[in-house]
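Before anything else, here's the structure in question.
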Protein chains: 2
Amino acid sequence: MPPTAPATETKSRSTAEAQRSKIVSRAVRVFAHAGYHATPVAQVAAAAGVSPAYVFRLFPGKLALFVSAVEHCYERVRVGLIASADGTDASTPEEILAAMSDAYVDLIRDRDLIMLQVHAQSACDVPEIRAAVQRGLAELVTAVTDASGADSASVQRFVAYGQLCHLIVQADLASIDETWARTLSDGIQHPDDAPTPSRPGPTRD
Amino acid sequence: MPPTAPATETKSRSTAEAQRSKIVSRAVRVFAHAGYHATPVAQVAAAAGVSPAYVFRLFPGKLALFVSAVEHCYERVRVGLIASADGTDASTPEEILAAMSDAYVDLIRDRDLIMLQVHAQSACDVPEIRAAVQRGLAELVTAVTDASGADSASVQRFVAYGQLCHLIVQADLASIDETWARTLSDGIQHPDDAPTPSRPGPTRD
DNA sequence: TTTGTGACTGACTGAACAGTCACTTTTGAC
DNA sequence: GTCAAAAGTGACTGTTCAGTCAGTCACAAA
């Protein structure tokens with residue numbers, strides 16, 4: 001810290017914090033590809049344009065870096081969903097939930113958010129990761145419930161079909177033109193990936 | 001092979017094949033804990049009571065071993081579900097599907113089958129693993145569709161709630177006594193883990 | 001100019017692990 | 001018993017990777 005330590009921190013003051021943010025957001029992308037165990041820290045460092053050593057300087061370890069990425073990911077999803085609920089002119093809980101479903105499909109267009117969730121879930125045998133997933137889900141489910149006003153069973157269905165989306169993306173079912181694959185992915189597609197735009201799951205049938 | 005090569009292979013004939021089976025079934029259990037990337041072959045070997053070198057003798061590599069385990073896992077699930085469909089006295093498609101849902105919840109009691117599916121899904125960036133998952137899903141969805149006679153949307157819902165089960169098990173939501181966690185796991189529980197036995201998902205509401 | 005400090009890195013270490021290979025032990029046919 | 005093939009392993013190798021450490025560089029205050 002500066003010797004006289006004036007109260008005003010005018011400018012550059014914490015390039016480190018900016019780097020930290022940059023590394024986390026790059027980490028979301030990089031970890032999304034192959035997950036926690038299969039992704040070296042060096043790869044995240046390269047994506048952020050810094051040395052691996054510096055990543056360890058800013059984060060206590062690989063695990064903490066991954067957890068930060070997971071938290072960032074859940075927050076982006078939550079913010080996106082809430083924004084869609086606030087932005088829709090729907091009024092009934094089911095309609096708001098349907099708008100959120102559309103927003104979720106749209107959010108996960110780039111695969112990073114969905115794949116990181118999936119990888120975080122599958123690394124839940126690491127206690128710190130499991131805790132992060134639980135925190136993320138807690139906030140997500142609570143936010144969706146509050147914003148939509150939907151009942152428990154509807155929110156459960158929302159999440160179930162969300163998980164189905166994860167499977168479709170992971171296993172790349174959209175690329176398979178067979179009956180069974182269409183059974184799983186019918187009605188759950190990105191508007192411009194398929195001729196029949198629709199919302200995921202029978203939210204009102 | 002034997003010198004004169006008689007057509008009859010009387011007894012022991014292929015301890016290796018028996019070992020291979022044993023290793024695969026242990027591999028399901030061991031890989032289920034931490035997944036493909038985080039599980040050393042040595043751990044599978046130890047669980048099967050053989051040396052790591054011998055595992056590499058029976059399998060071309062770690063990847064092939066994992067793929068075999070995944071195939072074994074999907075087959076067990078498929079066989080279990082079909083057996084429940086054959087064994088039920090239900091007659092309508094929805095009732096058969098409900099029986100299968102109960103059977104699935106029962107099948108995954110030991111966590112191994114569910115966790116290996118999850119880990120296989122999350123390792124889908126490895127082409128061979130993705131192909132195995134696709135094959136497994138193809139057979140599973142086809143079998144469920146044929147055995148139940150249910151329509152596409154119902155089978156989709158069946159799978160969606162199955163994926164929700166995966167999330168509940170991975171993140172250990174059953175151990176969390178909070179509203180959001182109950183929202184996700186209500187009605188999806190092992191009969192003896194909760195006072196209110198029920199089938200997963202609103203299959204008839 | 002000197003001096004102090006935060007940003008940042010190259011080069012290294014130690015451990016873990018996939019895969020190999022030469023070797024020993026077991027088994028079964030004659 | 002003998003012999004060949006199959007079953008099975010210990011010891012090794014090359015690589016990858018998390019994490020460390022001593023140090024450089026840019027810059028700001030005095």
Side-chain angles (χ1 to χ4, degrees), chain A residues 1-24 26-27 30-31 33-69 123 125-126 128-129, chain B residues 1-24 26-27 30-31 33-69 123 125-126 128-129:
Chain A
M1 59 195 73
T4 54
T8 58
E9 297 126 351
T10 45
K11 45 179 178 179
S12 75
R13 181 73 195 106
S14 92
T15 311
E17 213 46 42
Q19 292 285 49
R20 208 175 181 282
S21 298
K22 181 175 188 179
I23 291 169
V24 169
R26 297 309 174 103
V30 176
F31 277 126
H33 279 112
Y36 178 61
H37 295 291
T39 304
V41 172
Q43 213 168 310
V44 176
V50 298
S51 69
Y54 192 49
V55 174
F56 283 103
R57 180 115 177 182
L58 295 185
F59 296 85
K62 183 185 181 180
L63 182 55
L65 172 60
F66 185 76
V67 167
S68 295
D125 54 292
V126 179
E128 291 86 348
I129 297 177
Chain B
M1 60 197 73
T4 53
T8 59
E9 295 127 351
T10 46
K11 46 182 180 180
S12 74
R13 180 74 193 102
S14 90
T15 312
E17 213 46 42
Q19 291 284 48
R20 207 174 181 282
S21 298
K22 182 174 189 179
I23 291 169
V24 168
R26 299 306 175 103
V30 176
F31 278 125
H33 279 112
Y36 177 63
H37 295 292
T39 304
V41 171
Q43 214 168 310
V44 176
V50 298
S51 68
Y54 192 49
V55 174
F56 283 103
R57 179 124 175 174
L58 296 184
F59 296 86
K62 183 185 182 182
L63 182 54
L65 172 62
F66 185 76
V67 167
S68 294
D125 54 293
V126 180
E128 291 86 348
I129 297 177

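To find a chain, count down the sequence lines: A is the first, B the second, and so on, and within it residues start at 1. Below, each value reflects all heavy atoms present in this structure, side chains not excepted, and no hydrogens, waters or symmetry copies.
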Phe66(A) vs Val126(A) side-chain heavy atoms within contact, under 4.5 Å =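 They are not in contact (no side-chain heavy atoms under 4.5 Å apart), so the answer is no.
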note = From OH of Tyr54(B) across to P of dA7(D) the rounded distance in Å is 5 Å
task = For Tyr36(A) and dC17(D), give me the distance from atom OH to atom C1', rounded to whole Å.
result =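 After rounding, the gap between these two atoms is 12 Å.
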note = When pairs are called at under 3.5 Å and a stem needs at least three consecutive Watson-Crick or G-U pairs, the stems of DNA chain D are C:1-30 with D:1-30
key: Nearest non-hydrogen partners of Phe31(B) and Ala69(B), listed with the distance   =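 Heavy atoms of Phe31(B) and Ala69(B) come nearest at CD1-CB, 4.4 Å.
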query = For dG8(D), does either OP1 or OP2 sit under 4.0 Å from a side-chain N or O belonging to Gln19(B)?
reply =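 So the side-chain polar atoms of Gln19(B) do come within 4.0 Å of the phosphate oxygens OP1 or OP2 of dG8(D), strictly under.
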query = Whole Å only: how far is the CG atom of Leu65(A) from the C1' atom of dC17(D)?
reply =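 In whole Å, dC17(D) C1' lies 14 Å from Leu65(A) CG.
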Please write out the pairs of protein N or O atoms and N or O atoms of nucleotides 11-16 of chain C separated by less than 3.5 Å, giving the distance to one decimal.
none

Which side-chain N or O atoms in residues 35-58 of chain B pair as donor and acceptor under 3.5 Å with protein atoms at least two apart or in another chain?
from     : atom 1 : to       : atom 2 : distance (Å)
Thr39(B) : OG1    : Gly35(B) : O      : 2.6
Ser51(B) : OG     : Tyr54(B) : N      : 3.3

query = Of all heavy-atom pairs between Ala34(B) and Asp125(A), which one has the smallest distance, and what is that distance?
reply = CB-OD2, 3.8 Å
request  = Return the residues of residues 55-63 of chain B meeting this criterion: a heavy atom under 4.0 Å from some atom of DNA chain C. Order them by number, or give none.
outcome  = Phe56(B), Gly61(B), Lys62(B)
